[in-house]
Each structure stands twice: as C-alpha cells, then as structure tokens.
Amino acid sequence: MKMKTYLIVAMILLIMVGSSCNKDKDKPDAYGSFEATEVTVSSLANGKIMLFNLEEGQLLDSNQLVGYVDTTDLHLKTLQVVEQKNATASRREDLAAQIAVQEQNRENILIEKNRVIRLLKDGAATQKQLDDINSSLNLIDKQISSIKTQFRGIQDQVGSTEQQIAQIRESVKNARIMNPLRGTVLTKFAENNEVTTFGKPLYKIADLREMELRVYVSGAQLPHVKIGDKVEVRIDKDEKTNSKLDGVVCWISQTAEFTPKTIQTKEERVNLVYAVKVRVVNDGSLKIGMPGEIKLISN
C-alpha cells in the first residue's frame with residue numbers, strides 16, 4: 001500500500017516537473033511595447049484655416065488634400081505684382097522702340113557719311129562736313145548705349161517681378177494642407193477658423209499597416225538575434241491566453257543601455273540590455289504603446 005502511494009507521488013512529481021519544463025520552454029525571450037513612426041504635419045502658411053477636413057482615427061491617403069489656409073492676401077498681392085510687371089513691361093517696349101529709331105537714324109547717317117567721303121575725294125565736300133557727321137554718329141551711339149542700359153534695367157525689374165509672382169504662387173501652394181503619407185490620424189491639434197502660423201503643428205499621423213515591437217534582450221541573448229530573423233510575437237488575447245503573430249527582426253542597437261523603467265522588476269532594470277525592433281504586419285489589433293513579447297525561433 002505504501003509502495004503504491006510512493007509511486008503515485010512520484011508520478012505527480014514527474015508530471016509537475018515536466019509541466020514546469022514545458023512552461024520554461026514556452027517562456028518569452030523578451031518584452032516590450034509597440035511603436036510606429038509618427039509624423040507631425042505642420043502649417044506651411046500663416047492665416048486663418050478655412051477648411052480642415054479630418055478627424056482622429058481617420059485613414060488618409062498620401063498627397064490627399066485635407067484643408068487650406070486663407071489666401072486672400074496672397075491673391076491681392078499677386079494682382080499688385082502682376083500690375084507692376086505689366087507697367088514695367090510697357091516701359092521696356094517703349095525703350096525697344098526708341099532703340100530701333102536711333103539705330104535707323106544711325107543707318108541714315110552712315111549713308112550720308114559714305115556720300116560725303118566720296119564727295120571729299122572729288123573736292124566737292126569739306127572736312128568739316130565729315131567731322132560733323134562723325135560727331136553725329138558718336139552722339140547716336142551714346143544715345144543707343146544709354147537707352148540699352150535703361151532697357152537692361154527694365155529687363156531686370158521684369159525678371160524680379162516674375163520671381164515675386166513665382167514666390168507668391170508657391171506660398172499659395174503651401175497654403176493647401178496636403179497629407180504627406182498614407183496613414184491613420186493619431187492626434188488633431190487645430191480646427192476650422194483657427195489662426196495658424198508657419199511651423200505650427202496641425203495633426204499627427206502614422207502608418208499603422210506595419211508596426212515595430214521594441215524589445216530588450218540581454219547580452220547573453222544577443223548572439224542569437226540577427227537582423228532578418230523570424231520571431232514569434234505574442235500579445236494578450238485575454239487574461240490567460242495570447243495571440244501569436246509573425247515578426248521579423250529589423251534593427252538591433254549597437255550599444256547597451258539600462259533596462260527601461262517600464263520593463264519588469266527593479267532588479268532587472270539595473271541590467272544592461274540591447275534594444276531590438278521587430279517588424280509586425282498589423283492585423284488591426286495592434287496599437288501604439290501596447291505591450292508585447294517575443295519568442296525566438298531556433299533555426
């Protein structure tokens with residue numbers, strides 16, 4: 001009878017030991033939390049927000065128009081600069097016409113000069129007549145040079161106004177609030193009819209289709225972790241069970257650090273560990289800041 005009792009106790013102990021071993025084998029290798037690359041979209045213009053069509057949790061496409069800032073002042077400034085350009089351009093046309101007239105006068109004087117030279121050879125003209133014609137030519141050349149200098153100045157002014165118009169058009173373009181990447185709106189910082197300024201945050205967005213689980217491994221575990229390794233990612237399904245997802249190691253820190261305060265016990269927080277990022281395809285259940293754990297897969 002005692003022998004049977006001993007056998008039963010031994011079997012129970014063996015089962016308990018086996019169960020404990022299985023639990024140890026199934027114990028996670030590292031713990032951490034999920035994160036994503038968050039992008040803060042800021043205003044590129046100053047003024048009143050006329051439209052801001054987005055809400056927290058909304059999925060946006062890249063290059064999607066989500067709002068715009070008032071551009072009335074920019075429009076009025078554009079009209080002013082365009083009018084200035086047109087006025088300057090009309091002066092340029094007047095100067096071009098003056099240059100054409102002076103050049104025609106020069107051609108006429110050159111014809112007269114050639115005629116006087118022929119007459120001078122025959123003794124039918126005087127040297128003074130030739131000198132007077134040369135003086136007229138010099139005067140015409142100076143007048144043409146002066147007008148051309150003014151013309152180049154007008155050209156520069158026209159180019160300057162064209163640059164101003166291009167800058168204003170770029171400012172008008174920047175007044176349109178364009179979403180930079182496909183993702184989910186995390187936080188909204190502004191509303192319609194508010195006044196914004198250049199660089200002021202409007203909203204925060206992140207692409208949650210893939211997320212990264214940042215975990216921490218010890219120096220002893222580090223040789224067994226390599227970029228590209230597949231791991232088993234676990235998240236809480238309920239109080240007793242976990243959901244399992246496939247993950248791939250995408251980054252390993254080159255330097256050690258103390259275990260973050262949010263991880264495990266005080267004793268473990270004084271240990272040096274290495275941060276590791278595991279990329280996970282989000283099936284919709286992963287959230288930023290959610291805790292997770294990994295189990296290394298033996299190759």
Side-chain angles (χ1 to χ4, degrees), residues 41-52 63 65-180 190 193-202:
V41 181
S42 301
S43 174
L44 296 177
N46 301 320
K48 182 179 179 181
I49 300 176
M50 304 302 294
L51 176 68
F52 195 40
N63 297 319
L65 177 67
V66 296
Y68 63 90
V69 178
D70 185 19
T71 58
T72 302
D73 289 343
L74 293 174
H75 175 68
L76 295 176
K77 188 175 182 180
T78 302
L79 295 178
Q80 180 183 1
V81 176
V82 168
E83 185 177 348
Q84 179 183 346
K85 175 190 172 184
N86 293 336
T88 305
S90 66
R91 290 175 56 198
R92 179 181 60 183
E93 293 172 1
D94 292 341
L95 291 175
Q98 292 180 38
I99 291 173
V101 170
Q102 294 295 339
E103 287 179 342
Q104 184 60 53
N105 290 338
R106 189 176 188 280
E107 290 294 326
N108 294 337
I109 293 175
L110 283 174
I111 293 173
E112 179 65 16
K113 178 181 179 180
N114 292 332
R115 189 180 70 81
V116 169
I117 290 173
R118 289 195 299 271
L119 291 174
L120 186 61
K121 289 180 179 180
D122 296 334
T126 64
Q127 183 63 41
K128 183 178 183 305
Q129 288 176 297
L130 182 60
D131 292 342
D132 290 342
I133 291 175
N134 286 331
S135 296
S136 297
L137 281 174
N138 290 334
L139 179 61
I140 288 290
D141 288 340
K142 290 179 180 179
Q143 290 176 338
I144 291 175
S145 177
S146 176
I147 296 172
K148 285 184 176 181
T149 299
Q150 298 178 52
F151 185 83
R152 285 192 294 269
I154 295 297
Q155 285 280 74
D156 293 340
Q157 292 180 33
V158 171
S160 177
T161 54
E162 288 176 346
Q163 291 179 359
Q164 292 180 46
I165 293 173
Q167 290 173 350
I168 295 172
R169 287 175 177 168
E170 185 66 21
S171 297
V172 171
K173 180 181 177 182
N174 289 337
R176 304 170 73 228
I177 305 171
M178 304 297 296
N179 182 58
N193 299 317
E194 289 185 357
V195 176
T196 188
T197 57
F198 182 88
K200 183 177 180 179
L202 299 175

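Position 1 is the first residue of the sequence, and the numbers go up from there.
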- Message: A quick test of your reading: do over 12 heavy atoms of other residues, nucleotides or ligands sit less than 6.0 Å from CD of E162?
- Response: yes
- Measure the shortest side-chain to side-chain distance between L95 and R92 over non-hydrogen atoms and say whether it is less than 4.5 angstrom. no
- Item | Note, M178 side chain near V66 side chain (heavy atom, < 4.5 Å) | no
- Note on the structure: dist T78:OG1 -> I168:CD1 (nearest 0.5 Å) comes out at 4.0 Å
- Verdict with reasoning, V69 to N46, per side chain to side chain contact (heavy atoms under 4.5 Å, CB included): CA-CA 7 Å; V69 178; N46 301 320; over 6 Å; no
- Measure across P201 and S42 and return the closest heavy-atom pair with its distance rounded to 0.1 Å. CA-OG, 3.7 Å
- Task: Would you mind reporting whether R91 and Q157 have side-chain heavy atoms less than 4.5 Å apart?
- Result: yes
- Message: Tell me every residue that passes side chain to side chain contact (heavy atoms under 4.5 Å, CB included) with V195, counting only those two or more places apart in sequence or in another chain.
- Response: none
- Just how far is it from atom CZ of R152 to atom CG of D156, taken to the nearest 0.5 Å? 9.0 Å
- salt_bridge(K128, D132) N-O dist < 4.0 Å: yes
- State, to 0.1 Å, how close S136 and I109 come at their nearest heavy-atom pair, and which atoms those are. CB-CD1, 3.9 Å
- Mind listing the closest non-hydrogen atom pair of A45 and A175 along with its distance? CB-CA, 3.9 Å
- Out of curiosity, I117 CD1 to L130 CG, how far, rounded to the nearest 0.5 Å? 5.5 Å
- Which distance, rounded to the nearest 0.5 Å, do you find between the CG of L120 and the OG1 of T126? 7.5 Å
- Task: Please report the closest heavy-atom contact between I49 and A190, naming both atoms and the distance.
- Result: CD1-CB, 3.9 Å
- Query: Between OG1 of T196 and CD1 of I177, what distance do you get to the nearest 0.5 Å?
  - Reply: 7.5 Å
- Query: So, does S146 use its side chain to make a donor-acceptor pair with the main chain of K142 at under 3.5 Å?
  - Reply: no
- Note on the structure: Value for CG (L76) from OG1 (T71), rounded to nearest 0.5 Å, stands at 9.5 Å
- Item | Summary of side-chain hydrogen bond (donor to acceptor under 3.5 Å, both in side chains) pairs that have at least one residue in residues 100-116, sequence neighbours excluded | Q104-N108, R106-D141, E112-R115, K113-N134
- With sequence neighbours excluded, residues passing side chain to side chain contact (heavy atoms under 4.5 Å, CB included) with Q167: none
